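A quick write-up on the structure given underneath.
Bear in mind that the values here come from a model prediction, so they are computed numbers and not experimental data. For reference, positions follow the sequence shown, starting with 1. Counting starts at 1 for both ligands and their atoms, in listed order.
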Amino acid sequence: MRLSRFFLPTLKENPSEAQIVSHRLMLRAGMVRQHTAGIYNWLPLGTRVLQNIANIVRDEQNCAGAQEIIMPTIQSGELWKESGRYDDYGPEMLRIKDRHDRDMLYGPTHEEVVTDIFRYNVKSYRELPKNLYQIHWKFRDEVRPRFGVMRGREFLMKDAYSFDIDYERSKHAYNQMFVAYLRTFARMGLKAIPMKADSGPIGGDLSHEFIVLAETGESAVFCHKTLLEKPVPENVNYEGDLQPIVDDWTSYYAATEEKHDPVAAAQIGGELVSARGIEVGHIFHFGKKYSDPMKANVIGPDGNQTAVFMGSYGIGVSRLVGAIIEANHDDAGIIWPASVAPFHVGIINLKTGDTACDDACAKLHKAIKLNGLDVLCDDRDERAGVKFADMDLIGLPWQVIVGPKGVAKGVVELKNRRTGAREELSMDAVITKLTVAA
Ligand code: ATP
Ligand code: MG
């Protein structure tokens, strides 16, 4: 992609409305623009990152055995009257009337809709287990939308819903999501710590929030430092027993402020980390809470109708864009982990219009692309300083700097955005190095 053609409205100044660094950088790097309070337009650079994140989430959900569907954003109020939540949900739910004066709503979550799909289409325990998920827009009329996409009113969520015949199998579905979440966040270069959360009226301990540590996080958190160093499971067999993995991860102290136990924490002493965190995911077992009132029954092994056990599993896909920036930036801008970067490599042409530089850039661009990497080439007629600043701001992992002196010697400069390390290399060596790094 040539930057002269790419829609990238960067800003030099810090926008005054942004209170935290990710929001500032997302506006400055031309990733998003606010449409109205808590509702954003995603511009090309932001859209690329959002899609990369969604694809990692999708890949790990699929590996764990969940199946992707798409449910409507606009839902019928009738279903919510059946579950009893129509009156309970409160002003966060955007309620709409259609032309026939029927109650509709913009979905803040999809338990009712997915339970409705299930009850009309699954009849026997033999068809279980099932786990259905979508990656789709939600609307919650938050009292205080803030921090850009971190707490929006419209936001992109991955929401999965599991259906099982009994508690034990439902727990396995829960464990599958627990492990998939560990892997999902690690693939984005994040350390996400599972913390026990409120499990509501049904009790039990099957509810965890996944929290990314960042100075600007909304909640205070405490955890054992081992959790920050622990490698996530590889080559997971999702059919096998995942309980040992979950037990291992939950055997260390980790708590949000509300759940913090100073006595237990004191025993950990110097190993305790106290920090701030951002909730990026939440998994939750709720048994028959919806299947009972909505009659989502199947025929059990004994021949009797029985309501299924359910769980729901959310990931804040659009919030993750902000969370990743909170954890990966410096004074000059964003530093994308390669797995979510909007492009892998940025080429800076220091002398656009100079035939030797233009040719070298075109050759590099083509060769890097042929190796399966996404490239953004700054071919604008701009000062070098502007190009350097913009390239640092948008945070691509690698920069290739092409100038007339180097090209005359047959070399270009390769810069690693994270370390700042620079080296002069031949064009072939750059291509090889980038391909190996990716
Ligand atoms: P919070 O406590 O942050 O309000 P929640 O408990 O209401 O979140 P869930 O219903 O568990 O959120 O939603 C699943 C995930 O969706 C959350 O873990 C979070 O990452 C994301 N999320 C929730 N609300 C928002 C929002 N207003 N803007 C962006 N992401 C959100
Ligand atoms: Mg939550």
Looking only at N/O atoms, are [X] and ligand 1 under 3.5 Å apart anywhere?
X: Arg319; value: yes
X: Ile315; value: no
X: Arg151; value: yes
X: His282; value: yes

Relative to [atom], which among [options] owns the nearest non-hydrogen atom?
atom: atom 18 (O) of ligand 1; options: Glu279, Glu154, Glu142; answer: Glu279
atom: atom 30 (N) of ligand 1; options: Phe155, Tyr313, Phe284; answer: Phe155
atom: atom 16 (O) of ligand 1; options: Arg146, Lys138, Met157, Glu218; answer: Met157

Hey, which atoms in ligand 1 end up nearer than 4.0 Å to a heavy atom of [X]?
X: Val149; value: 29 (C)
X: Gly316; value: 15 (C), 16 (O), 20 (O), 21 (C)
X: Gly281; value: 18 (O)

#### Entry: Ion pair check, Arg276 and Glu215, cut-off under 4.0 Å
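No, Arg276 and Glu215 are not salt-bridged.
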
### Message
With a 4.0 Å cut-off on N to O distance, would you call Arg417 and Asp330 a salt bridge?
### Response
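A salt bridge links Arg417 with Asp330.
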
### Task
Check each heavy atom of Arg140 against ligand 1 and say whether those closer than 4.0 Å belong to the side chain, the backbone, both or neither.
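For Arg140, the contact with ligand 1 is made by the side chain alone.
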
Are any non-hydrogen side-chain atoms of [X] and [Y] less than 4.5 angstrom apart?
X: Arg24; Y: Ile325; answer: no
X: Glu326; Y: Met150; answer: yes
X: Leu79; Y: Met294; answer: yes

### Task
Check whether any side-chain N or O of Arg48 sits under 3.5 Å from a backbone N or O of Ala341 as a donor-acceptor pair, and report yes or no.
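Not at all, since once roles are kept as given, no pair shorter than 3.5 Å links the two residues.
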
### Query
Judged by non-hydrogen atoms, does Ser318 sit under 4.0 Å from ligand 1?
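The answer is no, since Ser318 has no heavy atom less than 4.0 Å from ligand 1.
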
### Query
So is Arg153 in contact with ligand 1, going by heavy-atom distances below 4.0 Å?
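Outside the 4.0 Å threshold, so no.
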
### Query
Knowing that exactly one of Thr226, Val179, Leu227 qualifies, which makes a side-chain contact (heavy atoms from CB on, under 4.5 Å) with Trp249?
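Checked Thr226, Val179, Leu227 against Trp249; only one passes side-chain contact (heavy atoms from CB on, under 4.5 Å): Leu227.
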
### Query
With ring centroids as reference points, do Phe6 and Phe343 lie under 6.0 angstrom apart?
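Phe6 vs Phe343: aromatic centres under 6.0 Å.
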
### Query
Is there a donor in the side chain of His208 and an acceptor in the side chain of Tyr174, or the other way round, less than 3.5 Å apart?
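Side-chain D/A pair, His208 to Tyr174: present.
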
